[in-house]
Amino acid sequence: MALSTKPRVVIIGCGIVGAAIAYELGRGERFDVTVLERQPKAPAIASGAIATYRTGTPGALGMLMGAISQKIQGRAWELREASLRRYHTLIPELESLTGTKIAHNEHGLLKLCGPGDDLAQWEKLAMQRKDQGWPLEILGTDAIAGTYPQVSMGALGGVAFGIHSPKDWQVQPISLLTALVSGARHHGVKFSFGTTVTALDPQGGGIRVELADAEKGAAPLAPIGADWIVVAAGLGSSAIAATVDASPVQLQPVLGQAARLQLERPMAMREPAITGDDVHVVPLGGGSYWVGATVEFVEFNEKDATTAPIPDPDRWQTVLEAAIALCPDLASATMGQIWSGLRPRPVGQPAPVIQPLASCDRVWLATGHYRNGVLLAPATAEAIATALRQAAFA
Ligand SMILES: Cc1cc2nc3c(=O)[nH]c(=O)nc-3n(C[C@H](O)[C@H](O)[C@H](O)COP(=O)(O)OP(=O)(O)OC[C@H]3O[C@@H](n4cnc5c(N)ncnc54)[C@H](O)[C@@H]3O)c2cc1C
């Protein structure tokens, strides 16, 4: 078999960010792309009443809060807008390529605001978004009560107004991740699960990637070579970068708890994802809902596999009660699985971190997406693909 002459890219991590980059880089078929992931297979929803994830993607609710965010310019908005645009083409493209449905909700997001929220500020944002091509509909109390009977107007100390964002969607992260892996494979991307990257070693014009078998007691595996590395390893990114860079990015774990609730039937005909006071109610169809999420700053050593971050049951109870206050029908729901996951939050710089290492411009970081990794995965993938194409082919 002839050896590939394409530039070799190794992506470390197959969460939503690594998988999106793999798909985007694979799509052009100009690179020889390999994804290395220490878990035995692509992240999946664990079975059982309680699940604890040491990564972000399997825990995420998949809210794409782009147009409805208060970011209006600069990098924060540009990434959001690029992602939203790409989502509207990516989902049909992947569905057609892989022949599978990607579970997502196109009814938009409904944000509920209380008496303390600034209506004038939201009206100003709606004007700006209109100019940007992302409509936001400001709703008065009558419109909310008439259109969305699942909402309690007594929530938030009295719902004062709402904002419906029809172009912000919600996507089920594992469904999307599975399609991205399958789509990337279709374009020749190779995946190696159960493989931990232990170190990077820049040598001459390339990088030597040191590996261990995650399933066989971390036994060393034969190293591989790459021309470029993309570190998309979530909270594991710092340790990998530290093998090359003296002062790598610092990431803090922020735990989030969420759960699935089941009703006998859907709460209403029209079911956007609902958010109020930072609590989300995500309809999944058939009377199923995800509710979340807590924001808990935890002490946790990512490198020590024997330690686990501890979710706070009181914080979860507060979120559950807030969700029931927003949508009172949820009080009679059967409680399904509850889970927690860890969000990678950058310390000392804004999220996300998309940049080369200071000491080696062949190693790119694509990490630190904190609360918006699902939202920003497509824009991150485009940014990395653009940078590597320029570096390799310009
Ligand atoms: C409860 C909860 C709700 C959330 N809701 C939303 C939401 O509504 N919308 C949104 O946009 N975001 C949401 N998020 C945030 C989102 O989940 C994260 O930002 C996102 O998952 C980060 O993705 P990632 O691919 O960078 O990291 P991860 O998903 O953590 O993936 C990193 C991967 O790298 C692998 N890895 C690590 N180290 C190594 C190594 N040395 N070698 C090989 N592989 C390695 C890990 O096993 C892992 O699979 C939520 C998070 C939580 C916990």
Side-chain angles (χ1 to χ4, degrees), residues 60-95 102-151 153 155-156 159-173 176 266-285 289-290 326-327 371-380 382:
L61 298 176
M63 300 274 283
L64 309 179
M65 298 182 70
I68 212 162
S69 79
Q70 286 284 349
K71 315 283 183 195
I72 49 165
Q73 58 187 15
R75 176 181 183 260
W77 168 243
E78 283 160 17
L79 286 172
R80 279 165 177 74
E81 185 175 35
S83 259
L84 288 183
R85 278 194 201 293
R86 183 66 179 117
Y87 262 115
H88 286 246
T89 58
L90 180 65
I91 289 180
E93 179 182 309
L94 279 172
E95 286 185 336
I102 298 170
H104 68 288
N105 182 348
E106 294 187 7
H107 292 182
L109 302 187
L110 174 65
K111 181 176 171 62
L112 300 171
C113 298
D117 287 295
D118 186 345
L119 175 60
Q121 192 186 357
W122 282 103
E123 285 174 337
K124 187 172 164 209
L125 181 70
M127 295 293 287
Q128 283 162 322
R129 287 286 186 263
K130 193 173 166 209
D131 292 342
Q132 291 170 326
W134 300 98
L136 292 179
E137 198 187 352
I138 308 280
L139 303 174
T141 49
D142 288 350
I144 298 171
T147 317
Y148 304 106
Q150 64 269 50
V151 169
M153 300 308 288
L156 309 173
V159 172
F161 61 97
I163 304 108
H164 180 239
S165 178
K167 291 195 177 177
D168 283 326
W169 292 348
Q170 182 272 338
V171 60
Q172 294 189 28
L176 174 64
M267 290 189 280
M269 294 278 288
R270 197 186 298 229
E271 292 215 288
I274 295 175
T275 178
D277 211 9
D278 214 14
V279 170
H280 309 314
V281 176
V282 177
L284 305 171
Y289 297 86
W290 283 341
L326 291 175
C327 299
R371 301 184 72 181
N372 289 300
V374 184
L375 169 63
L376 299 180
T380 304
E382 283 182 348

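Counting from 1, the numbers follow the sequence of the chain as shown. Every heavy atom of this structure was used, including side-chain atoms; hydrogens, water molecules and symmetry mates were not. Not measured: the values here are computed from a predicted model.
Not a single donor-acceptor pair under 3.5 Å links the side chain of Gln172 to the backbone N or O of Gly62. Of the possible donor and acceptor atoms, none in the side chain of Tyr148 sits under 3.5 Å from a partner among the backbone N and O of Ile274. Thr147 places no side-chain N or O within 3.5 Å of a backbone atom of Ile144 that could act as its donor or acceptor partner. Distance alone, capped at 3.5 Å, places no donor-acceptor pair between the Glu271 side chain and the Gly285 backbone. Side-chain atoms of Ser165 never come within 3.5 Å of backbone atoms of Leu109 as a donor-acceptor pair (strictly under, hydrogens ignored).
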(request) List the steps and the verdict of side-chain contact (heavy atoms from CB on, under 4.5 Å) for His164 and Arg270. (result) CA-CA 12 Å; His164 180 239; Arg270 197 186 298 229; over 6 Å; no
(request) Could you check Gln150 against Tyr289 for side-chain contact (heavy atoms from CB on, under 4.5 Å), going step by step and ending with a plain yes or no? (result) CA-CA 13 Å; Gln150 64 269 50; Tyr289 297 86; over 6 Å; no
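The shortest heavy-atom contact between Asp168 and Ile68 is OD2-N, 2.8 Å. Contact detail for Leu90 and Pro378: the closest heavy-atom pair is CD2-CG, 4.2 Å. Taking each heavy atom of Ala60 and Val374 in turn, the nearest pair found is CB-CG2, 3.7 Å. A pairwise comparison of heavy atoms in Ala273 and Met63 identifies CB-SD, 3.6 Å as the closest pair. For Leu125 against Ala67, the heavy-atom pair with the smallest separation is CD2-O, 4.2 Å. A pairwise comparison of heavy atoms in Val171 and His104 identifies CA-CB, 3.8 Å as the closest pair.
Taking a 6.0 Å sphere around CE of Met127, one finds it holds 12 or fewer heavy atoms contributed by other residues, nucleotides or ligands. Counting non-hydrogen atoms of other residues, nucleotides and ligands closer than 6.0 Å to CD of Gln70 gives a total above 12. Under a cut-off of 6.0 angstrom, the local environment of CZ in Arg86 is crowded, with over 12 non-hydrogen atoms contributed by other residues, nucleotides or ligands.
Applying the side-chain hydrogen bond (donor to acceptor under 3.5 Å, both in side chains) definition to pairs two or more places apart or across chains, those involving residues 111-129 are Arg129-Gln132. Sorted by first and then second residue, the salt bridge (Lys or Arg N to Asp or Glu O under 4.0 Å) pairs with a member in residues 61-82 read Glu81-Arg85; sequence neighbours excluded.
Note: Trp134 and Trp77 have perpendicular aromatic rings, judged against thresholds of 30 and 60 degrees for the angle between ring planes.
Within the model, atoms CG of Leu139 and CZ of Phe161 stand 10.5 Å from one another, a figure rounded to the nearest 0.5 Å. Interatomic distance, CG of Asn105 versus CG of Leu64, reported as 10.0 Å (0.5 Å rounding). The CZ atom of Arg371 sits 10.0 Å away from the CG atom of Leu61 when rounded to the nearest 0.5 Å. To the nearest 0.5 Å, the span separating CG on Leu375 from CG on Leu79 amounts to 9.0 Å. Rounded to the nearest 0.5 Å, atoms CG (Leu326) and CG (Leu156) are 5.5 Å apart. Rounded to the nearest 0.5 Å, atoms NZ (Lys130) and CG (Leu136) are 12.0 Å apart.
Looking at heavy atoms from C-beta onward, Pro283 lies out of side-chain contact with Pro266 at the 4.5 angstrom threshold. Side-chain contact between Leu176 and Leu94 is present, with heavy atoms from C-beta onward closer than 4.5 Å.
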